[in-house]
Every structure is written in C-alpha cells, then in structure tokens.
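Written out below as structure tokens is the structure these notes cover.
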Amino acid sequence: QVQLVESGGGLVQAGGSLRLSCAASGPTLSNYGMGWFRQAPGTEREFVSAISRSGVSTSTADSVKGRFTISRDKVKNTVYLQMNNLKPEDTAVYYCAAARYTFTLRAPGEYDYWGQGTQVTVSS
C-alpha cells in the first residue's frame, strides 16, 4: 500500500512560482509511474504532468508546457512539480498519483494510489 502526501501549495501572485512535493511511505516509488493532476471547482480532474518509473520519460499537458516541470528523487522517495510563471487559471487542488502499470500515464483511471491534494491559488 502506497501512501502519498502532497505539500507545497499556497497562495501566490500571477507570475510567481511554487514547488509541490509528493512524499511516499510504503513501497519505493521507483516501482511506479507518477503523475500530477489538478481539479478546479466544478471541473473534472485534469492531467498536468507524469514521469516514468526510471525518470527518463516525462509527459506534460499543453496548458502548462514550458512552465511546469516534473521530477523525481529516488533517494528521498519523492516526486516534485516545479511550477513557474503561474497564472490565475492554474488555481486548483493538485493531486499526485502512483500507477503500478504504466500506459500513457495521462488518464486518471491508470492510477492506483492518490494523495489528498494540496490547494494552489494564483491571484491576478
């Protein structure tokens, strides 16, 4: 059983930066593809970015490409999402997730474990 805990969310002005962390307890995250999703009120959960087990391959949504970067630290058993040049439309609850079997890593249904989420609010 993998337990995921997100942190690093908060309130930031447009153009600012935040780094989200997803720390895991239980099995090593090296066995899992990892992803970040977000969900704003009244909307469906949206793919943001994902990283392969090895960390070699990443995938990023067009809406955040060039601004957000996903990475993983195997020693710390943690996955990060660096978010730069934040915009008000990035406001959402951000979730990290772990997938035992990796396909596209872009669909929520591919993931087996989810964190509780961390709120990101970007003011204009």
Side-chain angles (χ1 to χ4, degrees):
Q1 183 80 11
V2 176
Q3 293 184 323
L4 304 173
V5 178
E6 302 97 334
S7 62
L11 173 64
V12 63
Q13 289 187 331
S17 297
L18 286 173
R19 188 177 78 157
L20 304 183
S21 299
C22 175
S25 59
T28 173
L29 289 183
S30 297
N31 296 329
Y32 298 85
M34 299 296 297
W36 285 97
F37 291 77
R38 66 186 183 186
Q39 189 168 19
T43 69
E44 293 186 352
R45 195 161 295 190
E46 174 191 20
F47 169 75
V48 176
S49 191
I51 189 166
S52 63
R53 291 189 188 94
S54 66
V56 171
S57 299
T58 63
S59 178
T60 304
D62 288 344
S63 59
V64 303
K65 194 167 291 184
R67 300 188 296 122
F68 290 12
T69 303
I70 190 171
S71 62
R72 65 192 307 162
D73 185 325
K74 294 183 179 181
V75 173
K76 295 183 178 180
N77 213 28
T78 301
V79 176
Y80 303 98
L81 185 68
Q82 178 66 44
M83 306 187 296
N84 298 328
N85 191 22
L86 283 159
K87 303 176 181 181
E89 51 264 42
D90 295 319
T91 295
V93 177
Y94 283 71
Y95 300 89
C96 73
R100 289 175 294 178
Y101 305 106
T102 59
F103 298 99
T104 70
L105 288 177
R106 298 175 75 97
E110 295 183 33
Y111 289 83
D112 303 287
Y113 304 102
W114 291 84
Q116 84 291 345
T118 185
Q119 176 71 47
V120 172
T121 303
V122 184
S123 63
S124 58

Seminar exercise, completed: side-chain hydrogen bond (donor to acceptor under 3.5 Å, both in side chains) filter on T78, not counting sequence neighbours, yields none
Exercise. Would you say the side chain of E46 lies within less than 4.5 Å of the side chain of V64, judging by non-hydrogen atoms?
Worked result: no
Exercise. Residues two or more places apart in sequence or in another chain: which of them pass ring-ring contact (aromatic ring centres under 6.0 Å, His included) with Y95?
Worked result: none
Exercise. How far apart are the closest heavy atoms of P88 and A14, and which atoms are they?
Worked result: CD-CB, 4.1 Å
Exercise. How many angstroms lie between atom CG of L11 and atom CD of Q119, to the nearest 0.5 angstrom?
Worked result: 9.5 Å
Problem set entry | Residue list, side-chain contact (heavy atoms from CB on, under 4.5 Å) with E89, at least two apart or on another chain | K87
Problem set entry | From E44 atom CD to Q39 atom CD, the distance as rounded to the nearest 0.5 Å | 8.5 Å
Exercise. Under the ring-ring contact (aromatic ring centres under 6.0 Å, His included) test, which residues partner Y111, sequence neighbours left out?
Worked result: F37, W114
Seminar exercise, completed: The complete set of salt bridge (Lys or Arg N to Asp or Glu O under 4.0 Å) pairs with one or both residues in residues 107-124, sequence neighbours excluded, reads R100-D112
Below 3.5 Å, can you tabulate the donor-acceptor pairs from side chains in residues 15-28 to any protein atom, sequence neighbours excluded?
unit_1, atom_1, unit_2, atom_2, d
S17, OG, N84, OD1, 3.0
S25, OG, Q3, OE1, 3.3
T28, OG1, S30, N, 3.2
T28, OG1, S30, OG, 3.3

Problem set entry | Residues that R53 engages under side-chain hydrogen bond (donor to acceptor under 3.5 Å, both in side chains), provided they are two or more places apart | none
Problem set entry | With T58 via side-chain contact (heavy atoms from CB on, under 4.5 Å) - residues at least two apart | I51, I70
Exercise. What residues form a side-chain hydrogen bond (donor to acceptor under 3.5 Å, both in side chains) with T118, not counting sequence neighbours?
Worked result: none
Exercise. Could you state the interatomic distance from CG (L81) to OG1 (T60), rounded to the nearest 0.5 Å?
Worked result: 8.5 Å
For this session: Drop me the distance from S49's OG to W36's CH2, to the nearest 0.5 angstrom.
Result: 10.5 Å
Exercise. Under 4.5 Å between any side-chain heavy atoms of V79 and C96, yes or no?
Worked result: no
Problem set entry | Under the side-chain hydrogen bond (donor to acceptor under 3.5 Å, both in side chains) test, residues paired with S124 that sit two or more places apart | none
Exercise. If you round to the nearest 0.5 Å, how far is CZ of F47 from OG of S63?
Worked result: 9.5 Å
For this session: Just jot down the salt bridge (Lys or Arg N to Asp or Glu O under 4.0 Å) partners of K65, sequence neighbours excluded, or say none.
Result: D62
Seminar exercise, completed: Contacts satisfying ring-ring contact (aromatic ring centres under 6.0 Å, His included) that involve residues 56-87 (not counting sequence neighbours) are none
Exercise. Heavy-atom distance under 4.5 Å between the side chains of Q116 and E6, does that happen here?
Worked result: yes
Exercise. Do you know which two heavy atoms are closest between T43 and A40, and how far apart they sit?
Worked result: OG1-O, 2.7 Å
For this session: Enter the distance from L105:CG to S57:OG here, rounded to the nearest 0.5 Å.
Result: 9.5 Å
Exercise. Are M34 and L29 side-chain neighbours, meaning at least one heavy-atom pair lies under 4.5 Å?
Worked result: yes
